[in-house]
Amino acid sequence: EGATQQVTLAHGKEPGLLSATLPARETGLYHVKDGKQEILVMAGPGNAPEFRDMVATDKILAPYVSKSSGGIFWLAGNPTGPDIRRTDKDGTQHGWGWIGLRRNEKYRVTGSEAYPLWPAWVAAFLILALMMWAWRQEGQS
């Protein structure tokens with residue numbers, strides 16, 4: 001949540017160690033630091049679905065890929081990656097060696113305007129003033 005809390009450390013069971021216990025209100029990552037050192041601590045179940053098997057395989061990804069009409073491409077077979085093509089909303093989204101980016105027309109640019117940084121007379125004045133200053137500096141050397 002971004003909230004901070006200060007904790008007073010007490011002497012631990014071993015000499016030179018300080019410790020504290022703080023109950024975690026929510027599961028997730030907690031950022032613990034003492035000014036110089038910092039660490040991330042996970043609070044919650046260690047067997048959460050996202051931590052059960054951290055290696056991506058066809059078996060794990062297949063349900064998600066089928067729901068999204070996507071495809072699975074491994075870089076071992078093609079180190080440069082698959083071709084990326086724009087596809088229609090209802091068209092095929094993948095094929096042999098390519099994946100599609102669906103063109104769903106969810107945005108539309110209706111106009112664009114450009115404005116000069118300065119009016120032309122200000123730019124001309126600055127350029128002329130800079131040239132005169134450079135000429136004067138050169139003449140004094």
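Hydrogens, waters and symmetry mates are skipped; everything else that's a heavy atom, side chains included, is used. What you see is a predicted model, and the numbers here were worked out from it, not measured in a lab.
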In terms of heavy-atom contacts, does CZ of R136 have more than 12 from other residues, nucleotides or ligands at under 6.0 Å?
no
ILVMFWY cluster, L40 and V32 together (side-chain gap under 4.5 Å):
no
Identify the two heavy atoms, one from G100 and one from T87, that lie closest to each other, and give their separation to 0.1 Å.
CA-CG2, 3.7 Å
Joint hydrophobic cluster, L126 plus L117, side-chain heavy atoms closer than 4.5 Å
yes
Residue I39 excluded, over 12 heavy atoms near CD1 under 6.0 Å
no
Considering all heavy atoms of both residues, which atom of K89 and which atom of R102 are nearest to each other, and what is their separation?
O-NE, 3.5 Å
To the nearest 0.5 Å, how far apart are CZ in F125 and CG in L130?
11.5 Å
Within a reach of under 6.0 Å around CD of Q6, are more than 12 heavy atoms found that belong to other residues, nucleotides or ligands?
no
Q137, CD atom: more than 12 neighbouring heavy atoms under 6.0 Å
yes
Distance check, rounded to the nearest 0.5 Å: W74 atom CH2 versus T57 atom OG1?
6.5 Å
Distance-only donor-acceptor pairs under 3.5 Å for side chains of residues 17-31, two or more places apart:
residue : atom : partner : partner atom : Å
Y30     : OH   : E26     : N            : 3.2
Y30     : OH   : E26     : O            : 2.8
H31     : NE2  : E38     : OE1          : 2.6

Spacing of CE belonging to M132 relative to CG belonging to L128, to within rounding of 0.5 Å
6.0 Å
Expected output: side-chain D34 to main-chain K36 donor-acceptor under 3.5 Å:
yes
